[in-house]
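Note sheet for the following structure.
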Amino acid sequence: MAEDIEQTVKRRRVFYIPGYDPIHPRRYRELYRKESTDQARISGYKIGLKPKTTKGNYGWSVNAEIDGVQVDAQVEVLVWSDIVRISMRNSILATYGQLVQTAWVYIASGALWRLMKLRKGPVIAALYPVGMLLVQLLIAVLAGRVVFAALTYFGGPFWFKGLVASVGVFVGWSVLEWFKKHDGKFFAYYLMHDYAFGAATRGANPPALESRMAEFGEVVAEALKSDVDEVLVVGHSSGAHLGVSMLADLVRAGLVPDDGPDLGFLTLGQVVPMVSFLRDAHRLRADLRYLSQRDELTWVDVTAPGDGCAFALCDPVAVSGVAPEGKKWPLVFSAAFTQSLSPARWKELRWRFFRLHFQYLCAFDAPKDYDYFQITAGPHSLAERYAHRPASKSRIVKPVNKFTSTAP
């Protein structure tokens with residue numbers, strides 16, 4: 001176990017890649033501050049945050065005393081929220097257009113049915129915005145018709161009915177605008193934009209995202225030249241497949257020095273199949289295949305069946321149908337929410353699907369061998385911590401993807 005290994009990490013650089021999230025990165029700092037304090041109290045170590053003193057990406061410094069030794073870590077958020085916000089600027093009509101296009105891409109290609117062979121949870125999560133937006137449209141239409149029927153109950157000339165019809169359309173449209181304004185409660189528009197982001201290009205990366213990933217790679221490459229002991233890249237949710245491609249590019253370019261810091265890659269709550277199962281995701285599938293056999297890094301993939309928004313225990317390389325001979329990565333295991341959270345806490349969170357999707361970044365009542373704060377601020381590298389950890393026996397490795405081409 002990692003506790004029996006002599007301290008090898010005194011200084012660490014951590015790069016966190018969020019999922020499809022339009023919110024300012026300070027949210028992640030506050031989440032880290034609050035949850036690390038709770039985990040330190042539960043697990044009996046010390047941890048504290050300080051403002052980041054260097055220029056560049058938004059981040060913070062962490063000072064920890066774990067297993068009786070001091071560790072300093074600098075955490076930076078690799079931001080692409082501006083790209084997310086731009087993709088979410090669609091009007092109501094454009095969003096319903098996205099609904100039709102996204103449904104067609106997944107259904108006509110057969111990707112939806114193949115994804116259901118893996119985990120039904122994330123597929124249901126993908127169908128939720130479709131159903132919710134259609135329900136909202138139905139309510140709007142009914143509201144408009146009720147107004148029209150009420151105002152024309154006693155009849156009237158043709159011109160009057162035309163005027164009332166306009167009023168009905170206005171009422172229906174106002175209902176749709178109300179739903180959009182209050183999407184923070186329904187998440188229909190947010191999720192629709194999320195799934196449409198990948199479907200719009202059938203899995204290919206838009207130019208703005210490719211450019212941003214190149215910028216991420218430059219920052220990580222620079223960190224690999226520094227005198228820290230470990231560089232750790234954390235990809236959460238959609239950020240997982242961004243990390244895959246970014247790191248694959250770094251390794252291909254020979255930018256991971258043999259005598260540099262250890263390079264760790266931690267993917268949490270990944271939704272890789274939602275993209276890799278699409279027809280034109282050639283780049284992602286090639287990167288998955290390439291990264292899975294490299295010695296330059298350690299790749300650990302952590303999910304949990306309790307997270308209905310992730311493809312829990314699905315090996316992203318294997319299920320995408322691109323596992324090569326000699327495949328090494330990722331090491332796939334479960335964060336075991338039902339065992340690591342107290343019964344009372346699990347009961348509280350069980351139906352809060354979006355909150356559970358962030359549980360990987362939070363404190364556990366009785367952590368097993370997964371502790372986000374020991375990984376990011378502890379005295380052992382990712383490679384050392386899980387050197388003898390077997391993969392979960394219940395992981396899914398069966399290739400079910402129809403599209404396995406890695407070249408356009």
Has the side chain of [X] got a donor or acceptor atom that lies under 3.5 Å from a matching backbone atom of [Y]?
X      : Y      : value
Asp365 : Leu341 : no
Asn401 : Thr404 : no
Arg29  : Val77  : no
Ser405 : Ala407 : yes
Ser211 : Ala208 : no
Ser334 : Ala336 : yes
Arg13  : Gln74  : no
Asp183 : Tyr189 : yes
Tyr372 : Gln359 : no
Gln7   : Val71  : no

What I want to check is whether the side chains of [X] and [Y] have a donor and an acceptor closer together than 3.5 Å.
X      : Y      : result
Gln98  : Thr102 : no
Asp21  : Tyr190 : no
Thr303 : Gln270 : no
Lys368 : Gln339 : yes
Tyr386 : Asp369 : no

Looking at [Y] and [X], is any side-chain nitrogen of the basic one under 4.0 Å from a carboxylate oxygen of the acidic one?
X      : Y      : result
Glu177 : Lys180 : no
Lys327 : Asp315 : yes
Arg283 : Glu210 : yes
Asp287 : Arg252 : yes

Quick one: closest heavy-atom pair of [X] and [Y], and the distance?
X      : Y      : result
Leu288 : Ser276 : CD1-CB, 4.1 Å
Ala94  : Asn90  : CB-CB, 3.7 Å
Val69  : Pro379 : CG2-CB, 3.5 Å
Asp38  : Ala363 : CB-CB, 3.9 Å
Phe373 : Ile66  : O-CD1, 4.2 Å
Pro324 : Ser292 : CD-OG, 3.3 Å

Partner of Val75 under side-chain contact (heavy atoms from CB on, under 4.5 Å), chosen from Val234, Val62, Asn57, Leu49: Val62
Angle class for the [X]/[Y] ring planes (parallel below 30°, perpendicular above 60°, tilted otherwise)?
X      : Y      : answer
Trp60  : Tyr32  : tilted
Phe337 : Phe364 : tilted
Trp80  : Tyr20  : perpendicular
Tyr360 : Tyr370 : perpendicular
Phe353 : Trp351 : perpendicular

Indicate yes or no: at least one non-hydrogen side-chain atom of [X] is less than 4.5 angstrom from one of [Y].
X      : Y      : result
Glu296 : Asp258 : no
Leu137 : Phe179 : no
Ser81  : Arg85  : yes
Leu224 : Pro257 : yes
Val271 : Cys309 : no
Leu263 : Thr298 : no
Ile17  : Leu78  : yes
Ile83  : Phe197 : yes

Test side chain to side chain contact (heavy atoms under 4.5 Å, CB included) applied to Leu242 and Leu209, step by step: CA-CA 9 Å; Leu242 270 64; Leu209 190 58; 3.8 Å; yes
Pair Val167-Val147, side chain to side chain contact (heavy atoms under 4.5 Å, CB included): steps then yes or no: CA-CA 8 Å; Val167 173; Val147 169; 4.0 Å; yes
Stepwise salt bridge (Lys or Arg N to Asp or Glu O under 4.0 Å) check, Arg212 with Asp82: CA-CA 10 Å; Arg212 189 60 53 86; Asp82 55 323; 2.8 Å; yes
Derivation and outcome, salt bridge (Lys or Arg N to Asp or Glu O under 4.0 Å), residues Arg12 and Asp72: CA-CA 6 Å; Arg12 175 185 285 111; Asp72 295 320; over 6 Å; no
Contact list for residues 217-264, test ring-ring contact (aromatic ring centres under 6.0 Å, His included), sequence neighbours left out: His236-His357, His236-Phe358
Pairs touching residues 285-307 that satisfy ring-ring contact (aromatic ring centres under 6.0 Å, His included), sequence neighbours left out: Phe265-Trp299
Within the 6.0 Å centroid threshold, strictly below: Tyr58 and His24: yes
Pair Phe354 and Phe187, ring centroids less than 6.0 Å apart: yes
Within 45° cone of Phe333 ring axis and under 6.0 Å: Arg389 NZ or CZ: yes
Within 6.0 Å of CZ in Arg26, more than 12 heavy atoms from elsewhere: no
CH2 (Trp178) with more than 12 external heavy atoms under 6.0 Å: yes
